[in-house]
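All remarks here apply to the structure that follows.
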Amino acid sequence: MKVTTDKINSNLIKEVEEVSGQKVSACFQCAKCTGGCPVVWAMDVYPHQILRYAQLGLADELLNSKTLWICASCQTCDSRCPREVDIPKVIEALRLVLLRARGGNYLHPNNLPARVLENAPQQGLVSAFRKYAR
Amino acid sequence: MSVKPEGFEPLIVAFCCNWCSYAGADLAGTSRMAYPTNVRIIRVPCSSRVNPSFIIRAFQRGADAVLVAGCHPGDCHYHSGNFFTRRRFTVLKQMLEYMGIEPERFQVRWISGSEGAKFASVMNNITAEVKSLGPNRKLRDAR
Amino acid sequence: MRYSYYPGCTLKTKAKVFEDTTLQTARALGLEFAEVEEWQCCGALYPLNTEEVFPLLSPVRSLAQARAAGCTKLVTLCAGCYNVFRRTNRTMRSDAEVRGKINGYLEEDYRGQVDVVHYLEILKNDVGFAELAEKVSRRLEGRKIAPYYGCLLLKPRNEMDFDDVENPTIFEDFLRALGANVVEYPYRTECCGSYLSMANEEVAATAVGRILTSAFKNGAEALVVACPLCKYNLEEYQKGFREAAGSPAAGIPVLYFTELLAEALDVREQDGQ
Amino acid sequence: MKRIGVFLCWCGSNIAATVDIEETMAAARKMPGVVYVDHNKYTCSEIGQAMIREAIAAHRLDRVVIGSCSPRMHENTFRKTVEAAGLNPFYLEIANIREQCSWVHKDKLTATEKAISLIRTAVAKAARSEPLFSTEMSIERRALVIGGGIAGIQAALDIADAGFEVDLVEKEPSIGGRMAQLDKTFPTLDCSACILTPKMVDVAQHGNINLITYSEVEKVEGFVGNFTVTIRNRARSVDMEKCTGCGDCYAKCPSKVDSEFEMGLAKRRAIYTPFPQAVPNKPAIDRANCRYFTSGKCKVCQKVCPAGAIDYEQQDQLVEKKYGAIVVATGFDTHKLDNYGEYAYGKHPDVITSLEFERLVNASGPTGGKILRPSNGQPPKNVAFIQCVGSRDKAKGNPYCAKICCMYTAKHAILLSEKVPGANAFVFYIDVRTPGKDYEEFYNRAYEECGATYIRGNVSKVFPDGDKLVVRSVDALSGALVELVVDMVVLATSVDARADARELAQKLSITTNAYNFFNEAHPKLRPVETQTAGVFLAGACQGPKDIPDTVAQASAAAVKVVSLLNKESLLSNPTVAEVDIKLCSGDMSCLAVCPYGAIAEKFIEERHGREIRKRRVAEVNTALCQGCGACTVACRPGAINLKGFTNEQILAEVDAICL
Ligand SMILES: Cc1cc2nc3c(=O)[nH]c(=O)nc-3n(C[C@H](O)[C@H](O)[C@H](O)COP(=O)(O)OP(=O)(O)OC[C@H]3O[C@@H](n4cnc5c(N)ncnc54)[C@H](O)[C@@H]3O)c2cc1C
Ligand SMILES: Cc1cc2nc3c(=O)[nH]c(=O)nc-3n(C[C@H](O)[C@H](O)[C@H](O)COP(=O)(O)OP(=O)(O)OC[C@H]3O[C@@H](n4cnc5c(N)ncnc54)[C@H](O)[C@@H]3O)c2cc1C
Ligand code: SF4
Ligand code: SF4
Ligand code: SF4
Ligand code: SF4
Ligand code: SF4
Ligand code: SF4
Ligand code: SF4
Ligand code: SF4
């Protein structure tokens, strides 16, 4: 991982800010978001680091991170963020950037275990497909 | 369409508040920052002292542009004077534009006592802008 | 009082019991729930980006219908629907640009006139918990019940305005009105993993495990929820944790709050389950 | 016709090299009203000034125009010059032909042309100048200090030591403020009481200080030098003359309530002194909690009081007093934690605020200085300190930094290590801010010598687990998730303005910022003055502050007060607004824009035929007017004018420029 002026000046931040409607630069790295995230232990890049990487234009590290697919949009983090950053919106924007750039979907109905398809409530399936597919 | 006479030298009246912009002009002076001679300054205690009627009068008497300069919002020596200035002159500007006065001819600028260079550059710019517009004929008294 | 009622997909299918007990109890309490006629799926998620407005069409259509039907309140049950409706309505009230787009498309003039409420809010504000307590015929005396709020009822903090995000009390007050013993435990507002259970079961399972362990430790004999997805997750991943925590082998029931309400009001009809 | 003299200055070659003095003089001679023109190499020199004085006498000049450097340079010098020659000092006008002409222009031809124009403009203005006079105002040579914390105490002592009488008004039964609640103080760790109580006693014993406790300011009228203030002495129910401070009453009072001073960690009685070293050490009855006042039965205190000092019939009293200057020193409140449910404050007894912690470590506090867990009275082993609670949080707290909490948290960590051997402090922070003399060193000591572990992460949640507390965060530096199991959590709560600050600001005609801290007149250069002349600020009421800053500001405010009260009288600024009541329509548009509250309405009686009618007009208080001129523009009928910068003068300047 290396920070360069080119990366910091790249378009990624602008694109993420536009799609998410959030000000990435507002984050002052207090990490309160990460401390309360219920699934943080499964993430490779923590929520506060997502914001930091975005501030530094570390596009590859962001777009390859598992975190984008782990965040449950539970909104615990943004409900506590002192700088009014809606973190799941930033994560969602990255997810969209990625799905658009790479095409294809993260989740396909065929990949779901039959047990899940059978038992899970509609609401869960609809949510998942809206999150993971384009 | 205004006609541009050769060698036209505009006359510009500038109202400067005593605490910031007038001091900025003085600093431009002590720092020997050259700017054109077209500007004449009238010293007022605060930009909020500038009555719109002074500006109209200047245009009527043949000024080619008028500048009102005061302290930056929040820095006013009298605390809130320049807020009134800002509000008043947005209205006046619209009115002048409605009467056909080009926006470049009436400008409001915030120049602090330490902004000698800004003062000089504002003078350079406004002079250049008005030069290219040509003389003010819209409001000038028929005399 | 008459309310427009938006059931949502899940209450018509996998969470039938949620709908049944809702309608039974509402009737018993003299509340009239008139189902929105041509409702469609609300989309399950409120869009988290600035570009998508079309997912809002469906909820707005239902809201506009509620208004046309002369109702000032639209009631939802599922926490997911509630979250989508509440936020959509807020957007329609405050965001002129989105409002313009949606109304243009729907040929409506909906500006957020209808209030989106949750059944719990009706019980608290319109019926009143004190009054509710008086109507209870079978108090849930001695039952140790742990309320589980999850996320969507409460968050985002500045948009939902349902209860204090960090220290909500509405579920507890409700349970006390029914005469139950409320189990306090710190994980009642921690996320259950939500839709992660579709794609990433391991993560969801761990999230659920923490909630259950905390509830077990504090003596819970049942959990009560307001969301079919919470219920699914809490039930689906119980086994492993029960064993790990050395808890009773039999599953802990996860109930919709309306099931308890129906029981306490003694109006539960046989629903074939 | 006016007789105007014009004097041109060369300023050596500074002016003369660029402006053709001869030509300018020739042009000046032709200007209307000009009867005499002269020039000088250095006008500000004694020779130059003498020349002007002589010319005034010789040519009977009644207006003087000097073409020289900026008026910001020598206006005062030259005013004195013309005054010495017997003219009104405001008969002088200066044309700035140096800073705004010779120094910024190179071409001699156009520079001379401009200089002539500038002289003509000044001549036009001078022709319309009128004599202006300052008025002399008497000064009430006494000061009022509002608030008896360390700020008010220091200001009162300094003013009193300078020989002026001071009234110190404090709303509580005792002075002392927050500092009285603290244990040891950073950065030196000297005991707060040891340095504060002697000062409190000094206040009580100082011949020039009149201590008015249990009282509040009700109304403020007047202006600098002459304020009239109404003070409400709340009924104390104890006769201060008779009471000896023996304490028998509160030993026997049956009604117990949470002690505000102890932050609710201990009880006090309904008749009470807030703390043992209170000044004055005489109790007051808190009527809301007294059995006699709430139910009509009790009167125990009256029965036991050996001095017969209890007086249930006492009423609030309004006292009107006059002052020349006022110091506001009402201090701060700590932030309410209603929005911070994630920290479990109020849900678990072992989660406490920093001010509660101060009481726990304080030797005269509820635990006698032992740090004990409120839940079980046992000393804690692991303590988490959370910084920035309610600060730097624009979503649900104060967006600003509270300035003192990084330092007092370091102090708390140090005190913990001293008082509970073997205990561990964990400090969660966003940034550690320690700008100040010996401050960084103090913070270094907390982690280097006293073993505190600093973790860079804003705590997200605290929750109980059995009889312990779990603190969830992350160490942002290492990227490690943090889940600490601790015995106690201390929240470094933010600093808020007093709840009644805005109300008090209104009474004093001063302003507050968005968070209700009082505004200083200039953030850098007039930090203790307010926009209202004669009203000064000291301490945390102006913004979060520690004790050193508070005391420095209090002494500075005292100096300002003393230099004001030291004057025999005040000279008013003569360039003030003036209302022509004939033109005034009484719509009071002027009043709305005046930043100094210098305009008031007045009713005049006018004869209309036989009838006498009352009419509203505006009146300018020349003591308050600062001469900004905003009102003149707000006035539609043109009834209000600014002396020294009249409409006529400015229009004449415009005309002269545009000739
Ligand atoms: C937990 C904590 C620890 C601290 N530790 C330190 C430390 O170690 N070192 C340090 O330098 N600083 C410390 N401080 C900061 C210190 O407390 C303040 O700097 C100081 O108290 C400010 O003094 P003050 O006189 O401005 O305000 P206050 O102490 O608040 O005094 C104001 C006084 O005015 C009175 N008052 C309020 N309103 C009115 C009214 N309307 N009319 C009449 N009277 C009124 C109040 O009753 C009070 O007596 C600490 C603060 C806290 C919260
Ligand atoms: C890069 C930089 C940026 C800054 N920016 C800001 C800012 O944006 N805002 C802000 O508030 N502050 C700023 N400051 C701080 C500000 O400069 C100081 O607060 C301020 O200058 C201190 O004033 P002073 O009078 O105490 O000291 P000084 O300005 O140092 O004045 C001391 C004077 O005493 C004279 N002197 C020294 N020794 C003797 C002697 N033995 N006998 C006689 N005379 C002597 C010196 O020649 C000097 O004239 C900045 C400082 C720096 C370095
Ligand atoms: S809580 Fe907000 S400010 Fe703090 S690190 Fe997370 S996004 Fe940044
Ligand atoms: S929204 Fe995502 S990142 Fe934020 S707390 Fe929930 S799971 Fe974690
Ligand atoms: S009066 Fe001003 S311009 Fe003239 S010599 Fe003195 S400093 Fe120079
Ligand atoms: S008993 Fe009487 S004299 Fe003693 S402190 Fe109380 S009021 Fe004062
Ligand atoms: S009368 Fe009031 S103050 Fe006095 S002892 Fe009784 S309760 Fe206490
Ligand atoms: S002083 Fe330190 S703890 Fe207090 S608000 Fe500022 S940064 Fe936070
Ligand atoms: S604005 Fe003018 S007319 Fe109106 S009250 Fe003031 S002075 Fe009189
Ligand atoms: S000149 Fe300024 S200060 Fe004086 S009365 Fe007018 S507005 Fe007020």
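What's counted below: heavy atoms across the whole structure, side chains too, no hydrogens, waters or symmetry copies.
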Looking only at heavy atoms, which two atoms of D/Ser460 and A/Arg80 are closest? And how far apart? OG-NH1, 2.9 Å
Between A/Cys81 and D/Asp393, the two heavy atoms sitting closest are O-OD1, 4.4 Å
So which part of A/Cys77 gets closer than 4.5 Å to some heavy atom of chain D, the side chain, the backbone, both or neither? neither
All heavy atoms of D/Arg456 vs all of A/Gln29, minimum pair found to be NH1-O, 2.6 Å
Could you pull out the closest heavy-atom pair between A/Arg83 and D/Lys394, with the gap in Å? O-CE, 3.5 Å
Quick check on D/Lys396 against chain A: is it the side chain, the backbone, both or neither that has a heavy atom closer than 4.5 Å? side chain
Stepwise side-chain contact (heavy atoms from CB on, under 4.5 Å) test for D/Leu481 and A/Thr34: CA-CA 8 Å; D/Leu481 298 175; A/Thr34 298; 4.1 Å; yes
For chain D, find which of A/Ser79, A/Cys30, A/Ala26 contributes the most heavy-atom pairs closer than 4.5 angstrom. A/Cys30
With a 4.5 angstrom heavy-atom cut-off, is it the side chain or the backbone of D/Tyr340 that approaches chain A, or both, or neither? side chain
Atom CD of D/Glu441: over 12 foreign heavy atoms under 6.0 Å: yes
Do A/His48 and D/Val474 have side-chain heavy atoms sitting under 4.5 Å apart? yes
